[in-house]
Amino acid sequence: MLDVPSHSHFLSIKRVSKNFTSRSDTVRALSDIDLDIRAGEFVSIVGPSGCGKSTLMMLVAGLTKASGGEILVDGRRIEKPNSDIGIVFQRDVLLDWRTAIQNVLLQAEIRKLDVTAATERARHLLKMVGLDGFEKSYPHELSGGMRQRVSICRALLHKPPLLVMDEPFGALDALTRDQLQLDLLRIWSETRMTVVFITHSITEAVFLSDRIVVMSPRPGRIERLIDIDMPRPRRLAMRETKQFAAYTQEITEIFMKLGVLREEGDA
Amino acid sequence: MTSADLSPPAPPVGGWGEWRIPYALITLVVFVVAWETIARIINLPMYLLPKPTDIVASLYENWALLVVNGGVTLTEIIFGFVIAVLLGVPLATMIAHSPVVDRAIYPLIVGSQTIPKAAIAPLLLAAFGYGLTPKVTIVAMMSFFPIVINSVVGFKSASPEMLHLAYCTGATQMQIFWLFRLPQAFPSIFAGMKLAAVLSVIGAVVAEFVGSQAGLGYVILVAGSNFRMDQQFAAIIFLSAMGMILFWAIGLAEKKVLPWHVSMRSQADG
């Protein structure tokens with residue numbers, strides 16, 4: 001279905017840093033980020049607010065320029081907005097004036113894809129996330145979870161080899177979030193695309209990922225890389241296992257050591 | 001965002017879905033009946049205040065006159081309004097897209113609002129004579145401001161995420177305008193046009209007051225100098241009705257162009 005690139009490193013982030021300059025001073029948002037992601041890998045970036053994880057996504061998407069270092073996707077250096085990716089934000093960013101399927105087909109219109117094939121694929125994608133029958137609904141007629149599903153379908157229409165998601169489930173309630181995580185994993189297993197998933201939820205990161213990038217705040221650095229060695233397909237019950245708890249504990253301890261999390265009685 | 005994710009929210013309720021008690025209409029009827037009754041009891045002379053029945057009679061008698069002169073005023077309104085839209089919306093896109101244009105022009109547009117349009121009318125009359133031009137100009141000037149201001153707000157309301165999304169789909173600047181910014185701005189543009197419709201009626205009448213040989217403003221002026229208050233009131237009512245129809249027509253156009261927005265709003269109201 002997809003051309004899986006033969007590179008061992010599909011996405012390479014090489015010594016990337018990012019500074020934000022305001023009138024009074026310069027803030028270093030990201031410092032010396034080095035990260036290689038394999039084709040088809042599901043990588044989560046987890047860290048507290050202000051660790052620059054969204055900035056990292058903006059860099060990968062080519063929406064902002066790095067102050068230093070370079071980013072290669074499939075061997076090509078990212079210098080302008082990267083239109084070969086699928087992108088999902090925390091807000092669904094659906095266009096209010098388009099129905100669900102028209103929102104998904106926005107991609108086809110801009111990219112001038114074959115209408116018939118694109119429509120068929122859009123229907124298929126919406127069905128895959130359980131939205132068949134809602135193709136002609138306008139965004140305001142859909143619930144938050146349904147809207148985010150539509151935005152995921154939109155991101156996938158053009159079969160991108162790379163999907164970047166910036167806290168896509170952050171604004172959803174817990175049950176909807178669980179369901180969307182399962183939906184996402186199913187789609188990912190069918191398409192074998194590379195996913196960069198940004199979240200501040202430790203359990204979400206462990207549940208979804210092959211590998212977790214733990215980031216420290218201000219300036220954002222990679223604190224640790226953790227391989228999640230759990231079988232796929234992931235089941236919700238796995239969240240109750242000792243292995244799962246060990247992973248979440250490991251990450252929690254990193255955040256406690258960094259002072260991101262504090263408990264009573266700490267010095 | 002409820003937890004029952006897959007159950008769709010209740011369908012939007014249309015404006016006429018439920019029968020509502022027309023309180024405003026009842027108030028109006030009570031007011032008119034009281035007016036008629038009091039005027040009859042104290043035998044109020046017509047040149048002070050005509051009775052509602054006098055006004056209705058006058059409307060009937062002078063219908064042809066009102067229609068002809070209403071047509072003149074309506075022509076001024078429509079020309080002025082259309083010019084304001086044709087100039088205002090493109091200017092708003094430039095203001096919204098170019099920081100230079102924004103800083104060079106926007107403050108002047110806002111500042112110019114302190115100039116009373118009625119005071120400019122005699123100047124325009126001197127420049128353009130008694131014909132259609134000065135009236136159309138005043139109407140356009142009155143309508144221009146709300147259209148520009150609201151359109152600018154609309155064009156600027158595309159969120160950063162929306163633009164990020166646009167860039168990541170590889171959209172060109174033209175596509176970003178037609179597919180994202182313009183539809184996003186439509187509700188604000190319509191809001192501006194509704195405001196402008198009301199102001200354009202005022203603009204036309206003010207311009208006619210200053211100098212004209214036709215139009216409802218002229219009818220009001222002549223009726224006043226003849227102490228025909230009933231004719232004055234008839235013209236005013238005719239004028240208000242025209243303003244309301246204009247406002248309603250824009251609302252109707254909005255419903256046709258932006259069905260999503262109108263049903264969104266009625267949902268928010270309900």
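Labels below follow one simple rule: chain letters A, B, ... track the order of the sequence lines, proteins then strands, and each chain is numbered from 1.
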Enclosure of A:R235 CZ (heavy-atom neighbours >12, cutoff 6.0 Å): no
Stepwise salt bridge (Lys or Arg N to Asp or Glu O under 4.0 Å) test for B:K135 and B:E208: CA-CA 7 Å; B:K135 282 96 182 173; B:E208 285 171 0; over 6 Å; no
For chain B, the option from A:Q107, A:H158, A:R91 that forms the most heavy-atom pairs under 4.5 Å: A:R91
Positions in residues 237-245 of chain B that reach chain A, provided some heavy atom is under 4.5 Å away: none
Counterpart residues, ring pair (Phe, Tyr, Trp, His ring centres under 6.0 Å), relative to A:F169 (two or more places apart): A:F197
Contact listing (chain A partner; residues 140-165 of chain B; heavy atom under 4.5 Å): B:S159, B:E161, B:M162, B:H164, B:L165
A:E109 vs A:R98, salt bridge (Lys or Arg N to Asp or Glu O under 4.0 Å): CA-CA, chis, key distance, verdict: CA-CA 13 Å; A:E109 257 172 71; A:R98 286 170 164 255; 2.8 Å; yes
B:F79 atom CZ, over 12 foreign heavy atoms within 6.0 Å: no
Short side-chain to backbone donor-acceptor contact, A:K53 and A:G47, under 3.5 Å: yes
Residue that, paired with A:D92, satisfies side chain to side chain donor-acceptor pair (under 3.5 Å) out of A:Q148, A:R147, A:R149: A:R147
For chain A, which residues of residues 172-192 of chain B have heavy atoms nearer than 4.5 angstrom: B:Q175, B:L179, B:F180, B:P183, B:Q184
For the student: nearest non-hydrogen atoms of A:L63 and A:P81, plus distance: CD2-CB, 4.3 Å
Non-hydrogen atoms of A:E167 and A:T199 that approach each other most closely: CG-CA, 4.0 Å
More than 12 heavy atoms of other groups within 6.0 Å of A:R123 CZ: no
Check: B:S200 side chain, B:A197 main-chain N or O, donor-acceptor pair, under 3.5 Å: yes
Enclosure of A:E120 CD (heavy-atom neighbours >12, cutoff 6.0 Å): no
Any donor-acceptor pair under 3.5 Å from A:E240 side chain to A:A237 backbone: no
Proximal component of A:L95, with respect to chain B [non-hydrogen, under 4.5 Å]: side chain
Nearest-0.5 Å distance that lies between atom CG in A:D132 and atom CG in A:L125: 12.0 Å
Atom group of A:R154 that falls short of 4.5 Å from chain B, counting heavy atoms: side chain
